[in-house]
K.L.:
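Structure in structure tokens, see below.
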There are 2 protein chains.
Amino acid sequence: MLTASEENYLKAIFHLAGKSKRPVSTNALASALQTKPASATDMIQRLSKKGLVSYHKYKGVTPTSGGNKLALQVIRKHRLWEVFLVQKLRFNWDEVHEVAEQLEHVESEQLIEQLDKFLGYPKYDPHGDPIPGADGSMAPLPSTTLAMLQPGDKCRVICARDSSSDFLLFLDKLHISLGAAIEVLDKFEYDGSFSIRVDEALPITLSSKAAENIYVEKT
Amino acid sequence: MLTASEENYLKAIFHLAGKSKRPVSTNALASALQTKPASATDMIQRLSKKGLVSYHKYKGVTPTSGGNKLALQVIRKHRLWEVFLVQKLRFNWDEVHEVAEQLEHVESEQLIEQLDKFLGYPKYDPHGDPIPGADGSMAPLPSTTLAMLQPGDKCRVICARDSSSDFLLFLDKLHISLGAAIEVLDKFEYDGSFSIRVDEALPITLSSKAAENIYVEKT
DNA sequence: TTTTATTTTTAGTCTTATCTAATTTTATTA
DNA sequence: TAATAAAATTAGATAAGACTAAAAATAAAA
Ligand SMILES: [Mn+2]
Ligand SMILES: [Mn+2]
Ligand SMILES: [Mn+2]
Ligand SMILES: [Mn+2]
């Protein structure tokens, strides 16, 4: 088992390496974790001994396939907790990170699987980032906005594209929350506005500007 | 701020000292935490320096008023998480402790207040232990069983008195879960059995033996 | 009231995770 | 290419939290 610190480093290496798995420099890692390069080197060597990262002195570090898998599981936990905090505990979009950063280290297979179920197996976190499955698989980044839908289409809200607090406050006023089920009733060509139904409530009107800033997945 | 280890020790001292605040011996503390007496002494001295416990060499240790307050806050978090695990994530009564033991150390005022709200401000945990309020106040131990109620009475399920897995499985079959709202419809004097309604569902019959083993609070 | 047993504390060691300061390697520039 | 700057590593220190073994204090028994 990994310590919280090891998990944080592994996750940071995973993120910094990106899709192309380019080597992560010691300085970049240290600065991402708000620590010193010497500490990063220490931890890199420890993770390397455990076979979780591939490391060549002065040449940077990348996750191994084993490290990759573990990093994805930590990210899975982090993002599921973020969904919980926003959808169930009514945290704001920008208040969840710190807390999820702690919760992600709680160790219990059962906990995370039941949480996933409780949340309805969400595919995206409140920032629109895909949630890895138990097997490490991930949905593609969200690309459909509410504005792309046609009357009769149904969808679920993933996240806001424009995550300014103004916009989020606006969504809150309309009771459009993360994970809300939306049905497109009508689209008015005149100004591109929509008539929609949110979570079985009475129909409301939404401007094209707002619709373009809401990422959804069709259901 | 306290480390997880400090919180665990403080909580154990609080529990072992009991209501009468009798001094806790080093051996008792070590054995409660499954560690060695030398480690317990170490930690006792650390907590003493922080003013959280009152300590006299060879004479045992008790929480100070400050330590008491902090211990109650950790217990509050522990028990609220236990309620969450059982009521929301469908954990069994006896599966929650380990996980709550980890979750209790997550640090966020907002998290615990929102969780409390989300759970409907429960007064008891799944083991029937009262949950301290944010101010440290606690409800008395549960004393009312379902069997004590009369037709027309309404209540909420606190916990099982007999927490054998047989009985818990039986309750599960009847869809009587922790926190369930129960209405007593009728009481049959012939055998002491009850007709009750659980969470607005169709009426069911409950034996006197079962009713005597369910602790409730009247609503 | 000595002697013996138990409990508790102290002394010294280990691991994890951090830091600063010094050194080494790599990259840049003249 | 040689000098300099930047990045990375190593050396050495510290703190938390655990351990074992030894010493000291207290409790129980003879
Ligand atoms: Mn973290
Ligand atoms: Mn996120
Ligand atoms: Mn704990
Ligand atoms: Mn409990």
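Within every chain, numbering begins at 1; the chains are lettered A, B, ... in the order of the sequence lines, protein sequences first and strands thereafter. Since the structure is predicted, the reported quantities are computational estimates derived from the model, not experimental observations.
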K.L.:
Quickly, which of Leu47(A), Leu52(A), Val24(A) forms a side chain to side chain contact (heavy atoms under 4.5 Å, CB included) with Val61(A)? Name it, please.
P.N.:
Val24(A)

K.L.:
Under a 3.5 Å cut-off for both distances, is dA30(D) Watson-Crick or wobble paired, and to whom?
P.N.:
dT1(C)

K.L.:
For dT10(D), does either OP1 or OP2 sit under 4.0 Å from a side-chain N or O belonging to Lys57(A)?
P.N.:
yes

K.L.:
Measure OH/Tyr58(A) against P/dA6(D) and give the value in whole Å, please.
P.N.:
17 Å

K.L.:
What is the distance, rounded to the nearest whole Å, between atom NZ of Lys59(A) and atom C1' of dA7(D)?
P.N.:
12 Å

K.L.:
For residues Leu29(B) and Ile44(B), determine if any side-chain heavy atom of one lies less than 4.5 Å from a side-chain heavy atom of the other.
P.N.:
yes

K.L.:
Using a heavy-atom distance cut-off of less than 4.0 Å, which residues of residues 68-75 of chain B contact DNA chain D?
P.N.:
none

K.L.:
Using the salt bridge (Lys or Arg N to Asp or Glu O under 4.0 Å) criterion, which residues pair with Glu113(B)? Sequence neighbours excluded.
P.N.:
Arg76(B)

K.L.:
Using a 4.0 Å heavy-atom cut-off across all strands, classify Ala40(A) as base, sugar-phosphate, or nothing.
P.N.:
nothing

K.L.:
Using a cut-off of less than 4.0 Å, is there contact between a side-chain N or O of Asn27(A) and OP1 or OP2 of dA8(D)?
P.N.:
yes

K.L.:
Whole angstroms only, please: what is the CD1-C1' distance between Ile44(A) and dT10(D)?
P.N.:
14 Å

K.L.:
Is any side-chain nitrogen or oxygen of Tyr55(B) closer than 4.0 Å to OP1 or OP2 of dT8(C)?
P.N.:
no

K.L.:
Given atom NZ of Lys50(B) and atom C1' of dA15(D), what is their separation to the nearest angstrom?
P.N.:
11 Å

K.L.:
Hey, which of Lys77(B), His78(B), Gln73(B), His105(B) is the one that makes side-chain hydrogen bond (donor to acceptor under 3.5 Å, both in side chains) with Glu7(B)?
P.N.:
His105(B)

K.L.:
Which part of the nucleic acid, if any, lies within contact of Thr41(B), taking any heavy atom under 4.0 Å across all strands shown: a base, the sugar-phosphate backbone alone, or nothing?
P.N.:
base

K.L.:
Taking N or O atoms only and anything under 3.5 Å, show me the protein contacts with nucleotides 16-18 of chain D, one pair per line.
P.N.:
{"from": "dG17(D)", "atom 1": "OP1", "to": "Thr3(B)", "atom 2": "OG1", "distance (Å)": "2.4"}
{"from": "dG17(D)", "atom 1": "OP2", "to": "Arg46(B)", "atom 2": "NE", "distance (Å)": "3.3"}
{"from": "dG17(D)", "atom 1": "OP2", "to": "Arg46(B)", "atom 2": "NH1", "distance (Å)": "3.3"}
{"from": "dA18(D)", "atom 1": "OP1", "to": "Ser5(B)", "atom 2": "OG", "distance (Å)": "3.4"}
{"from": "dA18(D)", "atom 1": "OP2", "to": "Ser5(B)", "atom 2": "OG", "distance (Å)": "3.1"}

K.L.:
So which pairs with a foot in residues 19-29 of chain A pass side-chain hydrogen bond (donor to acceptor under 3.5 Å, both in side chains), sequence neighbours left out?
P.N.:
Ser20(A)-Arg22(A)

K.L.:
Answer whether the closest heavy-atom distance between the side chains of Phe14(B) and Leu72(B) falls below 4.5 Å.
P.N.:
yes

K.L.:
Looking at Ala160(A) and Leu168(A), what are the two nearest heavy atoms and their distance?
P.N.:
CB-CD2, 4.0 Å

K.L.:
With Lys88(B), which residues qualify under salt bridge (Lys or Arg N to Asp or Glu O under 4.0 Å), at least two apart?
P.N.:
none

K.L.:
Which pairs, with at least one residue in residues 55-66 of chain A and sequence neighbours excluded, count as a side-chain hydrogen bond (donor to acceptor under 3.5 Å, both in side chains)?
P.N.:
none

K.L.:
For His56(B) and dT7(C), give me the distance from atom NE2 to atom C1', rounded to whole Å.
P.N.:
18 Å

